[in-house]
Amino acid sequence: MTTNPPVLGLVAGDGLYPEYIVRGARRRTPELRIVAVGFKGETNPAVIPLCDVYREFSVGQLTKPFSFLKKHGVQNVIMAGGINPKNILSLRPDLRALSVLMRMPEKNADSLLGAVITEAEKEGFTILPAFTYMEEHMPQPGHIAGPRPTPEQWEDAVFGMQMAKEITRLHIGQSVIVHHGTVVAVEAIEGTNNCIRRGGELGNGKPATLAKVARLGHDMRFDIPTVGPVTIQTCAECGIRQIALEAGKTILLERDRVEQLCKKHKISLHALQLPEEGAPPPANQPS
């Protein structure tokens, strides 16, 4: 007697993240059948041959992707990888997406993705946490790579994490650049790497800190913060000499390469555990 293999649906955005999801899923469940939805001009082509079935759609379509996933027996879905924020601003929605947009008082990335999840659940899909199969890539509190932070850097790391968390409350972004207790740049719709470039330019090349966190009340089913070699290289080019990540809520991609780059460029990389709201900030450097 033969049984049908388990099926996983993947909504694949840009970057390496979707590829990591597929490889992690294959290691854990070799017989898994992966059915992927991609987006024109967004999805990393490297993920396509790793999937059993793949089809590309325009950003803003809902009806056809849902039908495609259903046709291939998908029930569980992971949303992995981002969409260029500029494309979110220039959506070409189908009728269903247009109906969703008309009901939304706010149209930031959080609310848009949350609305997509709500519509998917109406169709009977279960949206799994975006860190599924990725737990080993989520750093816990402590030093990760590069030199240990100086006391001044540590103060900037703690301050930066607090400021980054505060801007998430306003649904602006997830990252800030700080230098000696001053916020130099705040991430908005341009994304982390462009925020880094702007922070480096405004800081006149002075060594600064990138702090990156998950949003307050973050829905872990989408848009988990990620850091990889491109982030480190951009920091190196722009005078960022410290990166502080929120422990347990950030994905670190290509860790070996990241560690090499941090060592080469003398960038301190560590993960901080943010205290509960109202509690005092961490006092000690990561061990």
Side-chain angles (χ1 to χ4, degrees), residues 1-15 17-40 42-44 47-83 87-88 91-135 171 214-215 217-224 226 249 251:
M1 178 179 177
T2 60
T3 58
N4 293 327
V7 181
L8 174 68
L10 175 68
V11 178
D14 64 5
Y17 196 177
E19 186 178 345
Y20 269 67
I21 289 283
V22 173
R23 295 188 186 280
R26 296 286 193 204
R27 284 195 299 270
R28 193 172 303 179
T29 311
E31 71 276 18
L32 189 66
R33 188 166 178 266
I34 296 178
V35 178
V37 165
F39 301 99
K40 296 175 182 177
E42 295 286 346
T43 302
N44 182 355
V47 77
I48 298 174
L50 303 178
C51 302
D52 296 286
V53 184
Y54 175 86
R55 186 171 173 185
E56 207 161 70
F57 299 89
S58 297
V59 176
Q61 288 185 294
L62 288 181
T63 300
K64 288 183 178 180
F66 287 166
S67 297
F68 171 75
L69 293 172
K70 280 187 171 183
K71 175 184 175 182
H72 291 280
V74 171
Q75 180 177 357
N76 295 324
V77 178
I78 297 177
M79 299 173 66
I83 299 295
N87 286 337
I88 293 178
L91 290 176
R92 293 185 177 180
D94 59 17
L95 288 176
R96 182 163 187 175
L98 184 61
S99 175
V100 171
L101 287 169
M102 291 177 66
R103 298 194 303 267
M104 294 174 59
E106 296 182 14
K107 296 177 176 61
N108 54 54
D110 280 0
S111 57
L112 285 168
L113 290 170
V116 169
I117 287 178
T118 298
E119 293 302 305
E121 290 174 335
K122 289 179 182 178
E123 292 292 326
F125 297 113
T126 298
I127 309 300
L128 302 178
F131 59 78
T132 305
Y133 306 115
M134 295 291 287
E135 293 86 352
H171 299 279
R215 293 180 178 87
H218 191 84
D219 188 334
M220 299 300 280
R221 293 175 297 177
F222 63 83
D223 195 28
I224 295 180
T226 61
K249 293 186 177 181
I251 300 291

Identify the heavy atoms of A115 and V100 that sit nearest to each other, and give their distance. CB-CG1, 3.6 Å
Rounded at 0.5 Å granularity, tell me how far CZ in R27 sits from CZ in R23. 8.5 Å
Any sub-3.5 Å donor-acceptor pair from Y20's side-chain atoms to I251's backbone N or O? no
Correct closest heavy-atom pair for A25 and L32 would be CB-CD2, 3.6 Å
Just do the side chain to side chain contact (heavy atoms under 4.5 Å, CB included) check on M134 and I21 with the steps written out, would you? CA-CA 7 Å; M134 295 291 287; I21 289 283; 3.4 Å; yes
State which residue, out of I117, V11, L8, fulfils the side chain to side chain contact (heavy atoms under 4.5 Å, CB included) condition with V77. V11
Test L50 against I34 for side chain to side chain contact (heavy atoms under 4.5 Å, CB included), laying out the working first. CA-CA 8 Å; L50 303 178; I34 296 178; over 6 Å; no
About how many Å separate CZ of R26 and SG of C51, when rounded to the nearest 0.5 Å? 7.0 Å
How long is the span from the CD1 atom in I224 to the CG atom in D219, to the nearest 0.5 Å? 9.5 Å
Which atom names give the shortest non-hydrogen contact between V59 and F39, and what distance separates them? CG2-CB, 3.9 Å
Any donor-acceptor pair under 3.5 Å from R33 side chain to G73 backbone: no
CD1 of I127 to CD of E121: how many Å apart, nearest 0.5 Å? 6.5 Å
Considering all heavy atoms of both residues, which atom of V116 and which atom of F66 are nearest to each other, and what is their separation? O-CZ, 4.2 Å
Separation between CD of E56 and CD of E42, rounded to the nearest 0.5 Å: 9.5 Å
Look only at the side chain of S99 and the backbone of L95, and say whether a donor-acceptor pair between them is shorter than 3.5 Å. no
Drop me the distance from I78's CD1 to F222's CZ, to the nearest 0.5 angstrom. 15.0 Å
So, D94 side chain and L62 main chain: donor-acceptor pair closer than 3.5 Å or not? yes
Is there side-chain contact between F125 and K70, with at least one heavy-atom pair below 4.5 Å? yes
Beyond-backbone contact of P6 with T29, side-chain heavy atoms, under 4.5 angstrom: yes
Between P65 and V37 the two heavy atoms that sit nearest each other are CB-CG1, 4.2 Å
Quick check: closest heavy atoms across L10 and A80, and the distance to 0.1 Å? CD1-CB, 4.0 Å
Could I get the full list of salt bridge (charged side-chain N to carboxylate O under 4.0 Å, His left out) partners for E119, not counting sequence neighbours? R96, R103, K122
What I'd like to find out is whether the side chain of V35 reaches to under 4.5 Å of the side chain of L69, using heavy atoms alone. yes
